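Input: a single structure, listed below in structure tokens.
Residue numbering restarts at 1 for every chain, and letters A, B, ... go by the order of the sequence lines. Treat the numbers as computed from the prediction; the structure is a model and nothing was measured.
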Number of protein chains: 2
Amino acid sequence: MTRRIPRATVARLPAYLRYLDSLGPGRQTVQSSDLASASGVNAAKVRKDLSYIGAAGVRGVGYDVEELRALILRKLGLSTDLTVVLVGAGNLGSALARYKGFDNRGFHIVSVYDIDPKRVGKRIAGIEIRHLDHLEEDLRQTAADIGIIATPASEAQGVADRLTGAGIPGILNFAPTVINVPAWATVRQVDLATELQILAFYLRTRREAGATQARTQKRRPG
Amino acid sequence: MTRRIPRATVARLPAYLRYLDSLGPGRQTVQSSDLASASGVNAAKVRKDLSYIGAAGVRGVGYDVEELRALILRKLGLSTDLTVVLVGAGNLGSALARYKGFDNRGFHIVSVYDIDPKRVGKRIAGIEIRHLDHLEEDLRQTAADIGIIATPASEAQGVADRLTGAGIPGILNFAPTVINVPAWATVRQVDLATELQILAFYLRTRREAGATQARTQKRRPG
DNA sequence: TAGATTGTTAATCGATTAACAATC
DNA sequence: TAGATTGTTAATCGATTAACAATC
């Protein structure tokens, strides 16, 4: 009987993995406190997270680096590489196609689609850009695990429908719009401008807190 | 006395804003249920979020679109445009420099830096790429609100130190590593490969749930 | 054994949601 | 007035954290 892994824990596992990957080959064990400071959380939380995935630490010693790494990879579903198709070969799409960080971590972009005749037929990172019309037949030949959407917002839902229609269960959406998919599929949304907007909120808050503090300090008798 | 706005609420405000922006000029009011379905949350949550920022809805009618839009912009600290410097003019950095979604939403990239002599002096989106050595003197001339880091992971902490050292209060980090900044500054991290890894987890979980279901169904008497 | 660190409990905190009175 | 929708309460759920017994 497998216990359910909390969402928040899942979201932190990649950070732990990244830290483990950054360690030299000489390192045998890690402590929860190391993982904590490397990923910006509390050591108790790290231990709790690791207990959710069933990691076996040794009291007084820590966790075995290789064992923990393999366990996280397995739990994340990364024991085997995943195939990815990318739709949208514009600005962002091209950068994603060339991004080394995907391939390094076992995500292989197998094809790139666009509808712009000026782009179709060209190559990015060695992959020929195909017309979106070929999507369904290509996927019948070779299924894919994940579709990345890097189109304008106006096209995103239509592309998502075609991706899920062709059986792709996972979508990473970079278009700045919420998309709906069937219940059996999963979407994650990355909105670059949203990130800046959230940052802007905290800048404003800090600025005002700072101003308040300055006023408060001024009021103090010198 | 301003009430503190919860983190989760802040993270949703940009989605509400995006929906309001998508409405035609004819639309006078919106209901919490509209905002809810457009941003994938519950209508009660929308109303709670909006009450945190002090929105004045009208019972039986809804919220005034323009008033709400202006309020969210103000609360997010977007009443005035913000200036951004970008460090790293590689693959991803170049795409970010050209990304229309930033400028559209009031984030103006004013300069781009790199250390590669093959890139320095060239232009992206009309902005000349300058050598990183000029960062501090440039920022003394014209301060900036936000620094975007799009360098390799190995350089990210050093760049963050220089950005905060030059007084930049907000950092959006695309390098796949956690960076530390002084307490008065704010960082947000966007890790593209991490997003795929989290997606992979849910794909695996769904796949296994589906397999279990299939087995269970098989066991049923036909 | 002494020191270190895990694994887990229990308390706390924060976010979500249903439900409905208030009121346009 | 009747219908619609907000604003808020109260219950619930999930995540975080301190603290410490267990144990290598």
Side-chain angles (χ1 to χ4, degrees), chain A residues 1-16 19-20 23 27-69 71-72 75 178 198 201-202 205, chain B residues 1-16 19-20 23 27-69 71-72 75 178 198 201-202 205:
Chain A
M1 164 82 185
T2 318
R3 220 173 332 150
R4 210 189 117 276
I5 303 178
R7 295 193 155 257
T9 296
V10 172
R12 278 188 296 265
L13 292 178
Y16 301 154
Y19 176 67
L20 295 175
L23 296 174
R27 187 72 172 276
Q28 297 288 319
T29 57
V30 274
Q31 283 74 51
S32 59
S33 55
D34 299 328
L35 286 161
S37 58
S39 32
V41 299
N42 180 293
K45 191 94 260 303
V46 171
R47 293 198 295 277
K48 197 128 221 244
D49 285 342
L50 297 185
S51 89
Y52 281 128
I53 64 170
V58 179
R59 287 168 154 95
V61 178
Y63 301 84
D64 182 86
V65 171
E66 260 322 301
E67 194 179 307
L68 185 56
R69 213 182 84 87
L71 179 65
I72 294 178
K75 287 290 171 180
V178 171
I198 295 171
F201 172 83
Y202 291 105
T205 310
Chain B
M1 164 84 185
T2 319
R3 219 171 333 148
R4 208 188 120 276
I5 303 177
R7 294 191 155 257
T9 295
V10 172
R12 278 188 295 265
L13 292 178
Y16 300 153
Y19 175 68
L20 295 175
L23 296 174
R27 187 70 173 276
Q28 297 287 320
T29 56
V30 273
Q31 283 73 52
S32 59
S33 55
D34 299 328
L35 287 160
S37 58
S39 32
V41 300
N42 181 295
K45 191 95 262 301
V46 172
R47 294 198 295 275
K48 197 128 219 242
D49 285 343
L50 297 184
S51 89
Y52 282 128
I53 64 170
V58 179
R59 286 168 154 97
V61 177
Y63 301 84
D64 183 86
V65 171
E66 261 321 303
E67 195 179 308
L68 186 55
R69 214 183 84 87
L71 179 65
I72 294 177
K75 287 290 170 180
V178 171
I198 296 171
F201 173 83
Y202 291 106
T205 310

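Distances shown here put every side-chain N or O of Lys45(B) at or beyond 4.0 Å from the OP1 or OP2 atom of dT17(C). Residue Ser51(A) places no side-chain N or O under 4.0 Å from the OP1 or OP2 atom of dG7(C). Listed pair Tyr63(A) / dG7(C) meets the phosphate criterion, a side-chain N or O lying under 4.0 Å from OP1 or OP2. Regarding contacts with the backbone of dT5(C), every side-chain N or O of Ser32(A) stays at 4.0 angstrom or more from both OP1 and OP2. At least one side-chain nitrogen or oxygen of Arg12(B) sits closer than 4.0 Å to the OP1 or OP2 atom of dT16(C).
Here the P atom of nucleotide dA18(C) and the NZ atom of Lys48(B) are 14 Å apart, to the nearest Å. Spacing between atom OH of Tyr52(B) and atom P of dT9(D) amounts to 11 Å, rounded to whole angstrom units. In this structure, the CG atom of Asp49(A) is 12 Å from the C1' atom of dT17(D), given to the nearest Å. Summarising the geometry, the separation between CG on Asn42(B) and P on dC13(D) is reported as 15 Å, rounded to the nearest angstrom. dT6(C) atom C1' lies 13 Å from atom CG of Asp34(A), rounded to whole Å. Whole-Å rounding puts the Ile53(A) CD1 to dT6(C) P distance at 14 Å. Rounded to whole Å, atom P of dG7(C) lies 12 Å from atom CG of Leu35(A). Atom CZ of Arg7(B) and atom P of dC13(C) are 17 Å apart (whole Å).
Toward the 5' end of DNA chain D, the nearer of the two residues Val61(A) and Val58(B), judged by each one's closest nucleotide, is Val58(B).
With a 4.5 Å cut-off on side-chain heavy atoms, Ile53(A) and Leu50(A) count as touching.
Contact annotation for Ala36(A): no contact, since no heavy-atom pair falls under 4.0 Å across all strands. Ala11(B) comes within contact range of no nucleotide atom at all, as no heavy-atom separation falls under 4.0 Å.
Here the closest non-hydrogen pair linking Ala56(A) and Tyr63(A) is C-CD2, 4.2 Å.
Formation of a donor-acceptor pair under 3.5 Å by the Gln31(A) side chain with backbone atoms of Val61(A) is found in this model. For the pair Thr9(A) (side chain) and Ile5(A) (backbone), a donor-acceptor distance under 3.5 Å is absent.
At a cut-off of 3.5 angstrom, counting only N and O atoms as typed in the model, there is a donor on one side and an acceptor on the other between the side-chain of Arg59(A) and the base of dT6(C).
Remark: Leu23(B) CG to Arg69(B) CZ distance equals 10.5 Å, nearest 0.5 Å.
dA21(C) and dT6(D) make up a base pair, with Watson-Crick or G-U wobble contacts both under 3.5 Å. In a base pair of the Watson-Crick type (N1 to N3 plus N6-O4 or O6-N4) or a G-U wobble (N1-O2 and O6-N3), with each distance short of 3.5 Å, dT16(C) is matched with dA11(D).
Under a 4.0 Å N-O distance rule, the pair Arg27(A)/Asp34(A) qualifies as a salt bridge.
Among the nucleotides dC20(C), dA18(C), dT6(C), the one closest to the side chain of Arg47(B) is dC20(C). Out of dA15(C), dT6(D), dA15(D), the shortest distance to the side chain of Ala8(A) is found at dA15(D).
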